[in-house]
Amino acid sequence: MNLCDVKTVRNIMEAFNISFRKEFGQNFLIDRSVVQNIAWECCEDEDSTILEIGPGIGTLTYELASCRREVVALEIDRGLIPVLSYTLGEFDNVKVINEDVMETNLEALLAPYFEKGSVSVCANLPYYITTPILMKLLECGLPFDYITIMIQAEVADRLCAKAGSKDYGAITAVLAYYGEAEKLFKVPAGKFLPAPKVDSTVIRIRLHKQKPYVPRNEAVLFRTIKAAFGQRRKTLSNALSAGFGELSKEQITQAIASCGHDPNIRGERLDIAEFVTLSDALCDLLPKTE
């Protein structure tokens, strides 16, 4: 079954009386070479379980099931569950679950699969909820090998940006704490049905098995990053003063200087290693309740 064929897609939708739902950001891929590339590039281990988020009518799921050990697919749209039973009927290594990933206990769901071997994530994420889903995957603490996602090209630029570039921001620094992101390839809007208004990019995040930079206090690290980018036009000392009201401007200036930085530097100049060092310096000054 060619789920990238426009006529086939329309016939399936007509047969099951379904339509594209904008509230779920549904845009189905119609280029098989793109789908196959995503399936093959999403992780290195063929004997892996793949958590897929938002399978739609099963276009990517079909390819994943063909080249990976097992696929666990979370689909929020109840109307697509019968469709997936039809399009994926030939596979016995796919489990489709009608749940919202943001409400799913991923640890409980995936525990049996981690016992069997490696687990990675692969998803064509709706633009409107890309960051919340990505942050849940990063913060849940599960030892995924890779997270491969197709997202709005502009967001991909931010996630993969280097310190000091115009696209570098808080989400970039936080992501770098958890893993290393790289762009795989761009996907033009015309490769989807219906076509979105912007192009997409597939990125792959290799999660750190052991984080190369370990802060004294993770909460303070994230607070430092958030404050540094909270007011981008301000110097780092002014931005941190706004984010750490319990510290004096002098204390913050001294903390920045102790890390080898000019207090007038801007937050976007610091990479994750420098943010960890700075957060540790701030930890020494904060009340011990942090």
Side-chain angles (χ1 to χ4, degrees), residues 1 3-4 12 16 18 21 24-29 32 34-126 129-151 178-179 184 202-207 209:
M1 185 182 300
L3 296 175
C4 292
I12 289 173
F16 286 89
I18 59 174
R21 298 184 63 177
F24 294 146
Q26 291 176 349
N27 301 89
F28 301 156
L29 274 167
R32 192 169 188 185
V34 172
V35 177
Q36 290 176 327
N37 284 341
I38 296 172
W40 279 108
E41 295 283 351
C42 71
C43 67
E44 295 178 346
D45 186 1
E46 292 183 27
D47 193 33
S48 292
T49 294
I50 303 298
L51 170 65
E52 185 188 7
I53 301 166
I57 63 170
T59 309
L60 177 57
T61 323
Y62 193 99
E63 299 297 337
L64 289 169
S66 300
C67 65
R68 304 297 171 186
R69 183 181 67 224
E70 292 177 276
V71 181
V72 179
L74 292 174
E75 175 54 59
I76 190 174
D77 186 353
R78 181 178 300 178
L80 290 177
I81 302 305
V83 181
L84 290 164
S85 295
Y86 169 70
T87 58
L88 304 173
E90 67 187 84
F91 298 103
D92 60 5
N93 62 336
V94 177
K95 181 176 183 179
V96 177
I97 302 171
N98 180 208
E99 285 188 17
D100 179 353
V101 64
M102 296 303 295
E103 304 296 331
T104 300
N105 183 336
L106 294 179
E107 183 176 5
L109 173 65
L110 298 174
Y113 301 96
F114 277 108
E115 290 177 359
K116 298 177 185 178
S118 62
V119 179
S120 290
V121 179
C122 191
N124 172 15
L125 293 183
I129 199 170
T130 294
T131 299
I133 291 177
L134 178 57
M135 290 311 301
K136 174 167 183 174
L137 294 171
L138 295 173
E139 293 173 346
C140 71
L142 293 176
F144 296 119
D145 278 14
Y146 295 91
I147 298 174
T148 301
I149 51 178
M150 181 162 56
I151 54 178
Y178 289 104
L184 296 184
V202 178
I203 70 168
R204 182 176 60 198
I205 305 164
R206 183 195 296 266
L207 278 296
K209 293 300 181 184

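Remember, predicted model here, so these are calculated numbers, not experimental data.
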Do [X] and [Y] come within less than 4.5 Å of each other through their side chains, counting heavy atoms only?
X: L88; Y: P55; value: no
X: Y178; Y: I205; value: no
X: L207; Y: L138; value: yes

Could you tell me whether a side-chain N or O of [X] sits under 3.5 Å from a main-chain N or O of [Y], the two making a donor and an acceptor?
X: E75; Y: G56; result: yes
X: D145; Y: S120; result: no
X: T130; Y: P126; result: yes

More than 12 heavy atoms of other residues, nucleotides or ligands under 6.0 Å from [atom1] of [X]: is that the case?
X: Y86; atom1: OH; result: no
X: E107; atom1: CD; result: no
X: K136; atom1: NZ; result: yes

Go through it in stages, so that I can follow the logic: the residues are L109 and E99, the test is side-chain contact (heavy atoms from CB on, under 4.5 Å), and I'd like the CA-CA distance, side-chain angles, deciding distance and then a yes or no. CA-CA 11 Å; L109 173 65; E99 285 188 17; 5.8 Å; no
Name of the residue among T87, I50, V35, V94 meeting side chain to side chain contact (heavy atoms under 4.5 Å, CB included) with T61: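 So the option named by the test is V94.
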Under the criterion side chain to side chain contact (heavy atoms under 4.5 Å, CB included), which of L60, I203, L29 is the partner of M150?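 Testing M150 for a side chain to side chain contact (heavy atoms under 4.5 Å, CB included) against L60, I203, L29 leaves exactly one candidate, L29.
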If you apply the rule side-chain contact (heavy atoms from CB on, under 4.5 Å), what do you find for F91 with S66, and how did you get there? CA-CA 8 Å; F91 298 103; S66 300; 3.6 Å; yes
Just do the salt bridge (charged side-chain N to carboxylate O under 4.0 Å, His left out) check on R68 and D45 with the steps written out, would you? CA-CA 8 Å; R68 304 297 171 186; D45 186 1; over 6 Å; no
Please step through salt bridge (charged side-chain N to carboxylate O under 4.0 Å, His left out) for the pair E44 and R206, ending with a clear verdict. CA-CA 10 Å; E44 295 178 346; R206 183 195 296 266; 3.5 Å; yes
Show the nearest heavy-atom pair for residues C42 and A39, with the distance to one decimal.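 Residues C42 and A39, closest heavy atoms: SG-O, 3.3 Å.
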Minimum heavy-atom separation for Y113 and V72, please, with both atom names.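 Closest approach of Y113 to V72: CZ-CG2, 3.5 Å.
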Gap separating the [atom1] atom of [X] from the [atom2] atom of [Y], nearest 0.5 angstrom:
X: I57; Y: D77; atom1: CD1; atom2: CG; result: 12.0 Å
X: T148; Y: N124; atom1: OG1; atom2: CG; result: 12.5 Å
X: L142; Y: L51; atom1: CG; atom2: CG; result: 9.5 Å
X: I12; Y: L84; atom1: CD1; atom2: CG; result: 10.0 Å
X: L3; Y: F28; atom1: CG; atom2: CZ; result: 10.5 Å
X: I53; Y: D100; atom1: CD1; atom2: CG; result: 10.0 Å

Assess, by modelled atom type and distance only, whether the side chains of E90 and Y62 contain a donor and an acceptor separated by less than 3.5 Å.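 There is such a pair (donor and acceptor under 3.5 Å, judged by atom type) between the side chains of E90 and Y62.
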Can T49 and R69 be counted as having a side-chain donor-acceptor contact under 3.5 angstrom?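 Yes.
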Could you walk me through whether L74 and L106 pass the side-chain contact (heavy atoms from CB on, under 4.5 Å) test, one step at a time? CA-CA 10 Å; L74 292 174; L106 294 179; 4.2 Å; yes
CA sep, side-chain torsions, deciding dist, call: S85, V96, side-chain contact (heavy atoms from CB on, under 4.5 Å): CA-CA 8 Å; S85 295; V96 177; over 6 Å; no
